[in-house]
Amino acid sequence: MFPSRIWRDSKHRYRLEAGKCTKCGKIVFPYRLICPECGHREFEKVILPDTGKLMTYSVIRVAPSQFTDQAPYAVGIAELENGVKLLAQITDCDVEKIKVGMEIRIEFRRIQTDSHQGVLSYGYKFVPKWY
Amino acid sequence: MRDVAVVGVGMTKFGEIWEKSFRDLYVEAALAAIDDAGVDRLDSMHIGCMTSGLFVGQEHVGSLMADYLGQKNLAASRVESACASGGLAFRQAFIEVASGMSDIVMAGGVEKMTDIGSDGATYALAAAADQEYEVFHGATFPGLYALMAVAHMEKYGTTREMLSAVSVKNHHNGAMNPFAQYPFEVTKEQVESSVMVASPLRILDCSPITDGGAAVILTTVDIAKKLGKPIIKVIGSGHATDMIALHSRDDITTIKATMVAAEQAFKMAGKTIKDIDFAEVHDCFTIAEIIVMESLGLYEPGKAGEAVLKGETGLEGSFPINTSGGLKSKGHPVGATGVAQMVEVVKQLRGEAENGRQLKNNPKTALTQNMGGSGGSTLVHILEVA
Ligand SMILES: [Zn+2]
């Protein structure tokens, strides 16, 4: 796998860059070419807020090949302060203490080592706010 | 549109079939369907297959299977919609016969999943999710359904006991299906002490990794009459997609693609859920069966789990679901699943279901629901005895 695949998404994964539809205000993450709400094709760049609330989660014990060394690990969906929802790992905490509704912040972390993509890859994870 | 009937069905035994290859599985099922229908030719063939490239390194499935089925130069193609590939193959065949383009069309499905290890299979199945924004972060298929389960439990108070009841019921039915991968009963205690895969889902909440093939033959009602087979008409077909990533959807406690596909199928058939006698639905995980029951409109949101507990969807219940054992007990060779659902409903509608799982009172109308990924696509079909 060429590094271009990782590089291409770095603006989303490293800097949380999203697009805001200039017509209806819908925020899309990652970028899209057309707004799924109104069909408009122009977006302005916005940066996602780095705090939100956990909507649901699961502790993964049977992992795909590129994550077997990390299992068990938690993944969840959080709703950020502007309503955008993201899926990411929940880290830096005892997985037994994770609760729906808890406040999280987004931190920049290593996601995979020695992955199918062939290079170290980085991105965002959720960390409970109480840490 | 011409009236279309299913005249032949066939499938392989589902399971870890080490002695049979990808091509063997398909051809065995296809020959069984051809023999059952009594047809002497095919005009075209649609094959549902999710990811033979990742499972066995083989693409160009249309050419391979037409070749090994001895159908020289047949118009054959593979269609893909993740775990709904089989349902999609059925719809393509239905459209082709209904349109008048072809008269005798096979809809088949196949997957050979045990030629790679289980972490490889987990990786291959995860390809049905958003590779860059779900899989990249470590989400697995059980993991995505677990996210739906937790959300459903939070919103409606759905319980561990309700999930277990789905598994217990489907294994009870599958124990009577000679084609099932796991034809045995499980108890609530066994389900609840089985290995955790992605909390709260345990291994006995999950459909297995399976090798298998299934095939059916569709033709016009006029030709079906000449063949002398019971006429099982296809009266409704619906197909819809949704945002691929779970987190992009407004509500993860329902499956919108199923709601939309069902609405289309009911409209075409001129029926409502109340006119349906029984269904095969996509219970890839126990929570999926509960959510699908609600998304089909069979129960109000949050009420399906209770209905399963009460036995309403059992063989003797008011609306039997997954008489075949479902994906849970029968097995889930992903590309074949949507077609294997058709095999079961046709057997039930003909009164030919084996080993005591035949529904009483001559069921007349059946529904199938087959979905891809975490609900990013759904096919719904309605079949009726003519
Ligand atoms: Zn817009």
Side-chain angles (χ1 to χ4, degrees), chain A residues 1 5-6 8-10 12-13 26 28-30 32 36-37 52 54-80 83-91 95-96 98-101 109 111-112 115-117 121-126, chain B residues 54 116-155 194-203 205-206 209 241-253 285 287 374:
Chain A
M1 185 65 62
R5 178 166 167 190
I6 304 288
R8 194 181 303 133
D9 276 312
S10 57
H12 308 123
R13 290 180 181 151
K26 167 90 180 170
V28 295
F29 178 87
R32 293 176 180 229
E37 292 302 322
L54 194 66
M55 301 173 69
T56 182
Y57 74 99
S58 174
V59 180
I60 311 276
R61 294 185 184 271
V62 178
S65 23
Q66 70 277 34
F67 284 99
T68 42
D69 59 335
Q70 297 185 36
Y73 57 89
V75 299
I77 295 176
E79 182 166 8
L80 306 184
V84 170
K85 289 179 284 183
L86 294 182
L87 181 146
Q89 284 191 30
I90 307 158
T91 194
V95 294
E96 302 300 326
I98 297 170
K99 291 225 169 1
V100 171
R109 295 296 173 94
I111 307 289
Q112 299 176 25
S115 66
H116 278 263
Q117 300 176 326
S121 46
Y122 296 85
Y124 46 86
K125 289 191 182 182
F126 302 145
Chain B
L54 290 177
I116 52 171
S118 67
D119 61 345
T122 303
Y123 174 80
L125 290 169
D130 185 328
Q131 190 65 244
E132 305 297 347
Y133 290 90
E134 293 182 316
V135 182
F136 176 82
H137 292 284
T140 59
F141 252 91
L144 292 171
Y145 277 91
L147 296 178
M148 296 161 83
V150 169
H152 203 274
M153 287 166 145
E154 283 286 324
K155 186 166 177 185
S194 65
V195 170
M196 191 67 90
V197 174
S199 65
L201 301 179
R202 296 174 179 272
I203 192 83
D205 287 301
C206 306
I209 285 169
T241 58
D242 198 355
M243 325 289 271
I244 186 165
L246 195 58
H247 59 262
S248 303
R249 301 187 203 147
D250 291 335
D251 181 359
I252 64 168
T253 62
F285 300 93
I287 185 63
S374 59

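These numbers were taken from a predicted model, which means no experiment stands behind them. A, B, ... follow the sequence lines: proteins, then strands. Residue 1 opens every chain.
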I'd like to check [X] versus [Y] (side-chain heavy atoms, cut-off strictly below 4.5 Å). Are they in contact?
X	Y	value
A:R5	B:Q131	yes
B:E134	A:V75	no
B:E132	A:R13	yes

Region of [X] in contact with chain A, defined by heavy-atom distances below 4.5 Å:
X	answer
B:A151	both
B:I203	neither
B:V195	neither
B:M243	side chain

B:D251, CG: over 12 other non-hydrogen atoms inside 6.0 angstrom
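More than 12 heavy atoms, drawn from other residues, nucleotides or ligands, come within 6.0 Å of this atom.
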
Residue part contacting chain B, namely of A:I60, when any heavy atom lies under 4.5 Å:
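Contact with chain B: backbone and side chain both.
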
Could you tell me which portion of A:A63 (side chain, backbone, both or neither) has an atom closer than 4.5 angstrom to a non-hydrogen atom of chain B?
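For A:A63, backbone heavy atoms alone lie under 4.5 Å from chain B.
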
Minimum-distance pair of heavy atoms, taken over all atoms of A:Q112 and B:V135
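Looking at all heavy atoms of both residues, the closest pair is NE2-O, 4.4 Å.
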
Would you list the atom pairs, donor with acceptor, under 3.5 Å between side chains in residues 136-149 of chain B and any protein atom, with sequence neighbours excluded?
residue, atom, partner, partner atom, Å
B:H137, NE2, A:Y124, OH, 3.3
B:T140, OG1, B:G143, N, 3.0
B:Y145, OH, B:G373, O, 2.8

Is the backbone of B:S199 close enough, under 3.5 Å, to the side chain of A:S58 for a donor and an acceptor to pair up by distance?
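Looks like yes, one N/O pair under 3.5 Å.
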
Determine whether a donor-acceptor pair (N or O, by modelled atom type, separation under 3.5 Å) exists between the side chain of A:K85 and the backbone of B:L246.
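Between the backbone of B:L246 and the side chain of A:K85 there is no qualifying donor-acceptor contact (under 3.5 Å).
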
I'd like to check the ring-ring contact (aromatic ring centres under 6.0 Å, His included) partners of A:Y57; sequence neighbours left out, ordered by chain and number.
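Checked A:Y57 against ring-ring contact (aromatic ring centres under 6.0 Å, His included); zero matches.
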
Looking at NZ of B:K155 and OG1 of A:T56, how far apart are the two atoms once the value is rounded to the nearest 0.5 Å?
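So the gap between those two atoms works out to 12.5 Å.
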
